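One structure is given here, and the rest of the page talks about it.
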Amino acid sequence: MASPSPFPSPLPCDGDDDRVVEPRHWLMKIEPDECSIDELARLPGQTVAWTGVRNYQARNFMRDAMRIGDGVLYYHSSCPEPGIAGLAEVASPAYPDATQFDAASPYFDPKASPAAPRWLHVDVRFVRRTRQLGLAELRSHPELAGMALLRPGNRLSITPVTLAEWQAVLALLGVTEPA
DNA sequence: GCCAACGTTGGC
DNA sequence: GCCAACGTTGGC
């Protein structure tokens with residue numbers, strides 16, 4: 001990666017100390033053709049393996065910064081109504097993406113091997129559907145103007161969401177977080 | 001289908 | 001390490 005990340009650095013790992021680590025929040029894009037929020041709710045365990053990420057920055061978010069339980073804005077992309085369609089949560093640590101070893105997969109990576117995997121992913125669990133919160137509406141709220149998703153030219157499929165952005169989105173969705 | 005933005009690749 | 005070519009993303 002050539003330039004310093006424009007995103008806040010990951011919080012320190014919670015290895016040695018007993019501090020409670022703030023829950024972090026993410027926006028994860030998926031094409032509803034692959035796994036819409038409705039499909040996610042019907043899957044066994046209501047959990048999907050987030051395979052197919054082939055961008056180092058997105059991979060590094062999963063590998064270095066995500067923790068089980070982190071909140072996820074479930075975003076439908078490349079579809080008639082792009083936008084947030086539900087809430088989810090991180091359900092596993094990052095682990096090797098099996099599709100990189102599968103020559104028949106569109107995500108096959110000939111430079112990867114089980115001994116030296118390049119691509120990782122987490123599992124993501126359904127939390128709830130929400131109303132559709134589309135791009136135009138997201139852009140219309142000044143408190144969301146800084147969202148990584150809304151940056152011109154943004155293409156990252158996984159972006160961090162600040163606590164303030166998370167709370168603002170939930171307020172727009174009329175969702176009250178459990179205590 | 002268009003196209004702007006951006007990441008990756010590979011020759012030099 | 002530069003940088004042009006190419007591929008991909010994703011809203012429109």
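The sequence lines fix the lettering, A, B, ..., with proteins before strands; numbering per chain opens at 1. Values below: every heavy atom of this structure, side chains too, minus hydrogens, waters and symmetry copies. Everything numeric in this text was worked out from a predicted model, so none of it was measured.
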Side-chain donor-acceptor pair under 3.5 Å between A/Y56 and A/R118, yes or no?
yes

Is it the case that the side chains of A/Y95 and A/D123 hold a donor-acceptor pair, with the cut-off being a distance below 3.5 Å and no angle test?
yes

Euclidean distance, atom [atom1] of residue [X] to atom [atom2] of [N] [Å, nearest integer]:
X	N	atom1	atom2	answer
A/Y56	C/dT8	OH	C1'	15 Å
A/W119	B/dG7	CH2	C1'	10 Å
A/L150	B/dA4	CG	P	21 Å
A/H76	C/dG10	NE2	P	14 Å
A/E81	C/dC12	CD	P	12 Å
A/E31	C/dT8	CD	P	13 Å
A/R151	C/dG10	CZ	P	15 Å
A/L149	B/dA5	CG	P	17 Å

Are the side chains of A/W26 and A/P160 in touch, meaning some heavy atoms are under 4.5 Å apart?
yes

The side chain of [X] is closest to which nucleotide in this list: [options]?
X	options	result
A/L135	B/dC6, B/dG10, C/dG11	C/dG11
A/R155	B/dT8, C/dC12, C/dG7	C/dG7
A/K111	B/dT9, C/dG11, B/dG7	B/dT9

Ignoring backbone atoms, establish whether A/Y107 has a side-chain N or O less than 4.0 Å from OP1 or OP2 of C/dT8.
no

Would you indicate, yes or no, if C/dG10 has its OP1 or OP2 atom less than 4.0 angstrom from a side-chain nitrogen or oxygen of A/K29?
yes

Are A/W50 and A/Y107 close enough that their ring centres sit under 6.0 Å apart?
no

